[in-house]
Structures are given as C-alpha cells and as structure tokens.
Number of protein chains: 2
Amino acid sequence: MQEMITQVRRFNRLVTRRVGALDERYLTRGRSLGAARMLWEIGARGEEVRRLRARLGLDSGRASRLLRGLEADGLVELRPADGDARVRVAHLTARGRSEHAVLDRLSDDLARGTLAPLSARQRQRLVTAMAEVERLLTASAVTIETTDPEHPDARQCLRAYLDELNARSPTPYDPAAGVSAEPHEFRAPLGAFVVARLGGEAVGCGAVKHPPRRPAEIKRMWVSDRARGLGLGRRLLETLETTAIASGATRLRLETNRTLTEAIGRYRSTGYEEVAPFNHEPFADHWFEKVVDRSTA
Amino acid sequence: MQEMITQVRRFNRLVTRRVGALDERYLTRGRSLGAARMLWEIGARGEEVRRLRARLGLDSGRASRLLRGLEADGLVELRPADGDARVRVAHLTARGRSEHAVLDRLSDDLARGTLAPLSARQRQRLVTAMAEVERLLTASAVTIETTDPEHPDARQCLRAYLDELNARSPTPYDPAAGVSAEPHEFRAPLGAFVVARLGGEAVGCGAVKHPPRRPAEIKRMWVSDRARGLGLGRRLLETLETTAIASGATRLRLETNRTLTEAIGRYRSTGYEEVAPFNHEPFADHWFEKVVDRSTA
DNA sequence: CACATTCTCTGACATAGATCAGACAATGCA
DNA sequence: TGCATTGTCTGATCTATGTCAGAGAATGTG
C-alpha cells in the first residue's frame, strides 16, 4: 500500500507542478488568472452570474469586479435574466467570443505540444493512460452519503430510476403496485437511503429496509449514465449491506429486472444466490438472497 | 489527432483543478502556499537559500521574507554556509522537522484518500496508469537542442558516455585511438552536437559529422540512466538524421559496441543494415549503414 | 590592494485575491 | 401591503505575491 501511496504522491506532484504551471502561464494572456477563468466559464452561450460564482468558488464582490473588468475591456456584456431581473447573465461580445476562440486554440496548442515529442505509439499509450487516470480519479471523487429519502437529490434519483425502468420495460412500472416503499421505511432506524454525488450532482442512489428480525431488503439501486463503469454499483451495494448488517440483519434480499444484466452479475459475484420469489413485485424477474456470516461482518 | 488533444485537455483540466486544489487546501496548515512550499523544499538535510530560490522560482526579496517568517515561527534556522559566508543555508529546527513530518503524513493521507474509495482492482489500475502518465509526460518534457560540443552540458554528457563505455567494455576505451572526433567536426557546417535536457539537467546527447559528399557518421549517442525507457534514443537519432539529411547527406553510418543491445535493435528497426567495417574504431563490433531516400526526407 | 561579482537583505510599490459589511433593487410570501 | 429573501454591487481592509532598486558583506580577480 505504501508503494501505491508514493506513486500517487509522485504523480500529483509532477502533474500539478508541470501541467498546472504551464496552463496558467500560457492561457491568461495578460489577464489575471481569475479573469481568464471567468472568460472561459462564461462560454459561448452565456451564463448566469450566480452560477459563475458557484462554479469558480468566488465571493460575490470578487465576481462582480472581475466581470466589470471584462466588461470594461469590451469582452463581456451583462444583462438581466429573462423572468428574474435580480439575476444577471454574462454574455460574450463579438470580441469576447473571438478571445474565447483564441484561448481554445492556445489550449489545443498546449496539448499538441505535450504530444508532439512522442512517437505515435507513445502518444496512444499516454492518451489511454490519461483516460484511465481520469476515469478512476472521477470514480474516486464520488461520495456516498446517507440522505433523507425526501431530499431533493433523493427524489431526483428516484425519478431517474423510475424513468429508466419504464424505458427498459415494455409494461409501465407502477411503484404503488409492488412491495411497499414508503419514505419512513428508508429512514433510520428501519432502513437507509444513500445518494452518490459527483461534484455536487447526484449520480446514483440505493435504499435498504432492515426491520428488526426480518431479512433486509435492498431496493432502488440506480446509477446515472454519466457515472457508469466507475464501480459505483458495487460501492452502493456495499454501503447498504454494511448499514443493514450494522443494524442486525443476517439475511439480505433483493429482486431485480432481467434487463439489468450488469447488476445481476454483480449480485452473483458478491455472494447472492438466486432464490424463489419472496414477494410479488410485478416488475421483478430474479430474486436473490445472501446470508451474512456475522463473524466476518 | 483532435480526439487525442481533447483527451489531453480534459485530463489537464481535471487534474489541475481537482488534484491541485485539494493539495493546496490541505497542506498549507494556516501558512501561505509559498511558505509551505519553502518549508517542504528545505527538507530534513537543509538547503542553500540560493538553491531554494532557484527551485521555487522566487525573487530574492520574497525568498528572504518567507524565510524570515519561518524563522520567526521557530521552524527554520539560517546559518552561513561552510566555506562561503555569503551563502546562507536554511535548516529545519526540531519544530520544523516535526512540522515537516506532519506535512508528510498529511500528504500520505491525501493520497490514501484518493485510493480509499476504489476497489483493489481499481487501485492497481489507477496506480499503473499514473505511472504510465508520469513516465510519458516526463518523456514529453525532454527537450533536444543543438549545443556546442564544448558547452559544459555537452562535456558532461561525453564524460558520462566514456565512463559508461569503460564500465561495459573489458578493455579501456581510448577516444584518441579510433576515428577522429574533434569538436569542430561536430559544429555547423560540418556536423552537429545535440543535448537532451530534462528540467535543466542534461540527460542525453548525440553527435553527427556530415562532411560534404561523404556519408554522414553518427557518434556519441548516450542516454542517462534516469532517462532510459523514454524513447529518447530514437528521438536523438531522428534529430541527428534530420540534421544530416538537411545538410545534404544521402548515406548515414554508425558503429556500435556489442554490449549496447537496445541501441542495435533500434538501428535495425529504423532502417539501418549491418555492413562490413568501414573504419578501424577499436571499440566497435557492429557497423551499420542506411541509405536515405531523398524523396521521403 | 582596487574593483567586480555574488549572495542576501530591506524598502518601496503594485496587483491579485479573500473577506466582511452594507446598500439597493427585484422577488416571493404571508 | 409589509417584510424577508435573493442576487448584485460597492467600499474597505488585509494578506499573498511579484518586481525593482539599492545597501552591505563576503569573495574572487587582476
């Protein structure tokens, strides 16, 4: 493990010093770093000031002054938003757009400069390795937290979950038709609802009911398209199992639809065995159960 | 190619924002980023102020003030250097060393935090990909420049080259014994000497003689241990060939020692064919020649 | 020895960036 | 309608950083 940690640290050091420093030197073009980033984030279609503030992590004062600076240079126009005149929207002027295009080209040149000294084979390997690092760092940045099932993020995940079931299944899914799933069943002490988030955005969820002296039931496992392939399903499942086991569950159950082949494979590989239907969930095609060995939990 | 460039840009953005920002937030511990870096760079064995300045890219005034700040906090002691009282050496005090250890531990924790959410398999893949990115970004950062054969960097490379030949060969190598290799033969217009540098340090060299209407001769190809495996030999060879061809050479020659198996493979794979000895270089075991197709050059 | 050079330190000044308090207008809500 | 909230802007202040000029000590060189 220490070797891995050392590698991560060496990577971080190299990459922040070399890549970061280069980028900042070449892409500011006489402006301050803050102003350059602001210009970049406004983008071709304009952006609300409050969102720019949030994305760049700026104080309202600083954001306002940066925007006024860009406005004075004729790169940006500020207009009230349609519908809410408190909100201001920053748009790039013609000059601003051409400046944005210059930054885009410089950014391309910089990346090209990284690839240029390498052979075709090395380039291919670098790009592949970068994609892998990016994917896994993204996976690592996903947080999983217990969240109230009526929290906006939870609701949003549930809506996405149902939409997906309906899209996959020929018969429309009716959440009221099957096993009960009231919010209070997914709150402590009877259960839990967890949400996975990536940079503030909810990208997955899962729920578990673990009433005393009954098998725990895992439900509502969902992972957003943009977080597929990050091992998030496995993490959600582990989190829910841990919660249930900590609450005394010794038997875990879940049912799933036949279209969710990836999930079915995961259940089998993590110790679930297919069993006879234990409920009348109309949408389910497979029922799984896993008996927990308390000594290893 | 555009896809590759896009991947590099996406990687750079992710990594500088996510990794860089995290590092800076957690590792400053109430100090300014400059002071934290200074503390880190002084290290356990102390360091000359002028070298700290160079390494951190600081103005002498700023460096002096940062050091005075650390001294006031009891973390650093400044003493004149042995032998030259103008030079000051910064040493960590006991408190400074313990603070350094704290930073080291936090840095470990940060890296551990990156790995923690991942499965064992994902960790292994991340670390492998990071090592690959690191290796290839390092390769990409190597510059190759024409350098006078009597430049200190060139001399240092040549010394290393001779040391290595002597270490590999049972009979000591005598540079005067074989084919002439006077500095002026490696200067324009008769030839060229190129040095590969990584972050200011010379890590490889190569030379070519290309007298008019005679086969060009490639000599003195050397790559430092710390730059092995970066494809640098190939780049040096290409640079020398390009120079020779641009000066009118149509036939390229080189000789090499049998112990340099990697180089021999490279020559064969880039179009060189083994020929009968064309000189009496006593150290050489193989002689190669490549005829240049001017139309593709 | 006279003089140039090297290294460090200090003063002076400018900009970038962070943070707080408060003003002001638009909006939402009871 | 009255009042709280939201979003933006301005003023004030502080720290961090970058840059330049010059002082002063130690050292090297003719």
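These values consider heavy atoms only, across backbone and side chains, with no hydrogens, waters or symmetry-generated copies. Throughout, a chain's letter reflects where its sequence line sits, starting with A, and its residues are numbered from 1.
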How long is the line joining CZ of A:Arg86 and P of D:dT5, in whole Å?
13 Å
When you match B:Arg62 and A:Ala63 each to their closest nucleotide on DNA chain D, which lands nearer the 5' end?
A:Ala63
Reading DNA chain C from 5' onward, which residue's closest nucleotide shows up sooner: A:Ala35 or B:Glu48?
B:Glu48
Please verify the inter-ring angle class for A:Phe11 with B:Phe11; under 30° counts as parallel, over 60° as perpendicular, anything in between as tilted.
perpendicular
Under 3.5 Å, is there a donor on one side chain and an acceptor on the other for A:Arg159 and A:Gln156?
no
Once you round it to whole Å, what is the distance between P of D:dT10 and CG of A:Leu78?
11 Å
Between D:dT17 atom C1' and A:Leu33 atom CG, what is the distance in whole Å?
13 Å
Indicate, with a heavy-atom threshold strictly under 4.0 Å, whether B:Gly83 touches base, sugar-phosphate, or nothing.
sugar-phosphate
Hey, does the side chain of B:Arg88 come within less than 4.0 Å of C:dT8's phosphate (OP1/OP2), counting only N and O?
no
Without decimals, in angstroms, what is the distance between A:Glu24 CD and D:dG18 C1'?
15 Å
So does A:Ser60 reach the base of D:dC9 with its side chain, donor to acceptor, closer than 3.5 Å?
yes
If I take atom CZ in residue B:Arg65 and atom P in nucleotide C:dC13, what distance separates them, rounded to the nearest angstrom?
13 Å
Which listed nucleotide (C:dC7, D:dT27, D:dC20) is nearest to the side chain of B:Ala85?
D:dT27
Integer-rounded Å distance: C:dA18 P and A:Arg53 CZ
14 Å
Looking only at heavy atoms, the pair that brings B:Cys205 and B:Leu236 closest together is O-CD1, 3.5 Å
Could you state the CG-P distance from A:Leu66 to D:dT10, rounded to the nearest angstrom?
13 Å
Salt bridge (Lys or Arg N to Asp or Glu O under 4.0 Å) between B:Asp104 and A:Arg9, worked out:
CA-CA 10 Å; B:Asp104 194 51; A:Arg9 285 180 58 176; 3.0 Å; yes
What nucleotide, of D:dG18, C:dT8, C:dT10, holds the atom closest to the side chain of B:Arg68?
C:dT10
Any base atoms under 4.0 Å from A:Asp84, or only sugar-phosphate, or nothing? Heavy atoms, all strands.
sugar-phosphate
Nearest-angstrom distance from the residue atom CG of A:Asp82 to P of C:dT27
12 Å
Can you find a side chain N or O atom of A:Ser32 that sits less than 4.0 Å from OP1 or OP2 on C:dG17?
yes
Please walk me through it: do A:His151 and A:Glu145 pass side chain to side chain contact (heavy atoms under 4.5 Å, CB included)?
CA-CA 12 Å; A:His151 185 283; A:Glu145 286 160 314; over 6 Å; no
